[in-house]
Protein chains: 2
Amino acid sequence: MGIRADYVTRPREWIASILAREPRFLSAAQIHQGLERDGARVSLSTVYRTLDRLQAKGDITARPDADGEVTYMLCEPTRHHHHAICRSCGRVEDVDCAAMEQFAESLRARNGFELDGHAIEFFGKCGACR
Amino acid sequence: MGIRADYVTRPREWIASILAREPRFLSAAQIHQGLERDGARVSLSTVYRTLDRLQAKGDITARPDADGEVTYMLCEPTRHHHHAICRSCGRVEDVDCAAMEQFAESLRARNGFELDGHAIEFFGKCGACR
DNA sequence: CCTCATTTGCGAACTATTCGCAAAAATCCC
DNA sequence: GGGATTTTTGCGAATAGTTCGCAAATGAGG
């Protein structure tokens with residue numbers, strides 16, 4: 001009669017494995033296509049539900065792309081960092097940066113703006129695409 | 001017989017005036033509601049079309065919010081700057097910042113990442129909301 | 001294996017956005 | 001100003017991404 005949560009299911013494992021091997025932001029539809037290519041048939045609903053779960057757990061980062069379609073990527077929540085996103089292949093590289101933190105703090109002092117967070121993304125071409 | 005473009009119409013003036021008086025990102029629906037409150041009846045289609053036009057002209061900045069809904073704000077395209085967004089009232093303040101530019105350049109040198117752009121947003125509480 | 005809570009798949013529902021087309025409005029020229 | 005011409009508008013339908021309800025399938029514990 002107690003609550004038994006967090007079942008380990010195949011759809012969840014498959015979806016996690018897709019995310020684990022792609023260092024870029026993927027839409028729910030792209031993940032669904034990846035599953036089909038692997039021969040794993042999972043409904044789009046389940047993809048969405050699993051992504052919501054992973055986001056609630058803090059395992060993935062969600063980001064609406066320029067058109068407003070939401071995309072997701074595995075992302076360690078423990079270490080604070082920013083992203084460098086390749087305009088050509090979409091690969092995301094982490095940018096761990098203390099200097100940025102300092103800058104944000106100085107802004108608080110200067111503008112009287114009570115800073116409690118920031119979002120930073122760099123765009124360009126990664127090594128492989130140049 | 002030549003091309004006559006850029007008509008000045010009431011819907012366009014009304015929409016521009018809504019944007020001009022709100023220092024925050026507004027969705028198409030919010031703009032539409034604002035128009036109705038002013039007694040200006042304009043179709044949602046026209047709101048979307050006008051926003052597309054303004055964006056193409058470079059007069060406004062579009063930004064998908066956390067849920068993927070696209071929001072718009074008047075934004076001088078000439079001066080490069082970043083935003084400080086109040087989590088409480090949504091007010092957007094410009095952050096003009098040369099130091100940020102320098103930082104981005106140094107990143108290029110360090111990571112071999114061919115940088116061609118970046119997006120930076122600071123979140124927190126503005127003076128009025130504290 | 002047997003039971004029971006959780007999860008899945010399906011299709012329908014919803015929301016934001018776009019599109020086609022006929023009617024209305026703006027511009028130009030006289 | 002009046003008329004011809006082009007652009008713009010409004011409407012409703014279409015589309016795309018996402019969510020939801022519910023019956024059937026699956027995972028966990030005994």
Side-chain angles (χ1 to χ4, degrees), chain A residues 1-19 22 24-57 59-73 90, chain B residues 1-19 22 24-57 59-73 90:
Chain A
M1 209 183 252
I3 296 173
R4 278 176 290 186
D6 258 349
Y7 281 33
V8 176
T9 69
R10 283 177 196 167
R12 286 177 182 171
E13 288 175 335
W14 291 334
I15 291 167
S17 91
I18 293 268
L19 286 168
E22 288 288 346
R24 63 200 96 239
F25 282 93
L26 299 174
S27 66
Q30 287 175 317
I31 292 168
H32 189 243
Q33 287 159 20
L35 292 167
E36 289 208 324
R37 242 178 277 114
D38 292 0
R41 90 177 183 306
V42 177
S43 77
L44 200 48
S45 305
T46 295
V47 173
Y48 277 109
R49 281 184 292 226
T50 302
L51 290 170
D52 287 348
R53 252 176 58 92
L54 290 172
Q55 193 180 4
K57 285 208 314 174
D59 289 347
I60 65 178
T61 295
R63 184 182 91 96
D65 71 10
D67 304 321
E69 190 174 7
V70 183
T71 57
Y72 305 85
M73 191 180 66
Chain B
M1 212 182 250
I3 297 172
R4 280 175 291 186
D6 258 348
Y7 281 35
V8 176
T9 69
R10 283 177 197 168
R12 286 177 183 171
E13 289 174 337
W14 291 333
I15 291 167
S17 90
I18 292 268
L19 286 167
E22 287 288 346
R24 62 201 99 239
F25 282 93
L26 299 174
S27 67
Q30 288 175 316
I31 292 168
H32 188 245
Q33 287 159 19
L35 291 167
E36 289 207 324
R37 243 179 276 115
D38 292 0
R41 90 178 184 306
V42 177
S43 75
L44 200 47
S45 305
T46 295
V47 173
Y48 277 110
R49 282 184 293 226
T50 301
L51 290 170
D52 287 348
R53 253 176 58 91
L54 290 173
Q55 193 181 4
K57 285 206 315 173
D59 289 347
I60 64 178
T61 295
R63 185 182 90 96
D65 72 10
D67 304 321
E69 190 174 6
V70 183
T71 57
Y72 305 86
M73 190 181 66

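Proteins get letters first, then strands, A, B, ... in listed order; numbering begins at 1 in each. These figures come from a predicted structure and were not determined experimentally. When reading the values below, keep in mind they use all heavy atoms of this one structure, side chains included, and skip hydrogens, waters and symmetry mates.
- Between the side chain of H32(B) and the main chain of S43(B), no donor-acceptor pair closer than 3.5 Å is present.
- Here dT7(D) presents its P atom at 12 Å from CZ of R53(B), a figure rounded to the nearest Å.
- Closest contact between the side chain of P11(B) and the listed nucleotides dT18(C), dA26(C), dT9(D) involves dT9(D).
- Taking the charged nitrogens against the carboxylate oxygens, R53(A) and D6(A) do have a contact shorter than 4.0 Å, which makes a salt bridge.
- dA5(C) atom P lies 17 Å from atom CG of D6(A), rounded to whole Å.
- Both R10(B) and D67(B) sit near DNA chain D, but only R10(B) has its closest nucleotide nearer the 5' end.
- The T46(A) side chain lies nearest to dG9(C) when the options are dA26(C), dC11(D), dG9(C).
- Within the 3.5 Å criterion, the main-chain N or O of M73(A) finds no donor-acceptor partner in the side chain of R63(A).
- Looking at the side chain of A28(A), the nearest of the listed nucleotides dG9(C), dG10(D), dT18(D) is dT18(D).
- Rounded to whole Å, the distance from CD on Q30(B) to C1' on dT17(C) is 16 Å.
- As a whole-Å value, the separation of Y7(A) OH from dC4(C) P is 12 Å.
- For the pair Q33(A) CD and dA16(D) C1', the interatomic distance rounds to 13 Å; values are reported in whole Å.
- Here the C1' atom of nucleotide dG17(D) and the CG atom of L51(A) are 13 Å apart, to the nearest Å.
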Worked verdict on D38(A) versus I18(A) for side chain to side chain contact (heavy atoms under 4.5 Å, CB included): CA-CA 9 Å; D38(A) 292 0; I18(A) 293 268; 3.8 Å; yes
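- As a whole-Å value, the separation of D52(B) CG from dA16(C) P is 16 Å.
- Taking only distance into account, the side chain of R41(B) never meets the base of dG10(D) through a donor-acceptor pair shorter than 3.5 Å.
- Closest-nucleotide positions on DNA chain C for S45(A) and A29(B) were compared, and the one nearer the 5' end corresponds to S45(A).
- Of all nucleotides listed (dT17(C), dT9(D), dC10(C)), dT17(C) comes nearest to the side chain of L44(B).
- Proximity note for V42(A) (side chain, C-beta onward) versus dG9(C), dT7(C), dC11(D): the nearest is dG9(C).
- Proximity of Y48(A) to the phosphate of dT19(D): no side-chain N or O atom is located under 4.0 Å from OP1 or OP2.
- Within 6.0 Å of the CZ atom in R24(A), the count of heavy atoms belonging to other residues, nucleotides or ligands exceeds 12.
- The listed nucleotides are dA28(D), dT8(D), dT8(C); the one nearest the side chain of R12(B) is dT8(D).
- Atom CD of E69(B) is separated from atom P of dT18(C) by 12 Å (rounded to the nearest Å).
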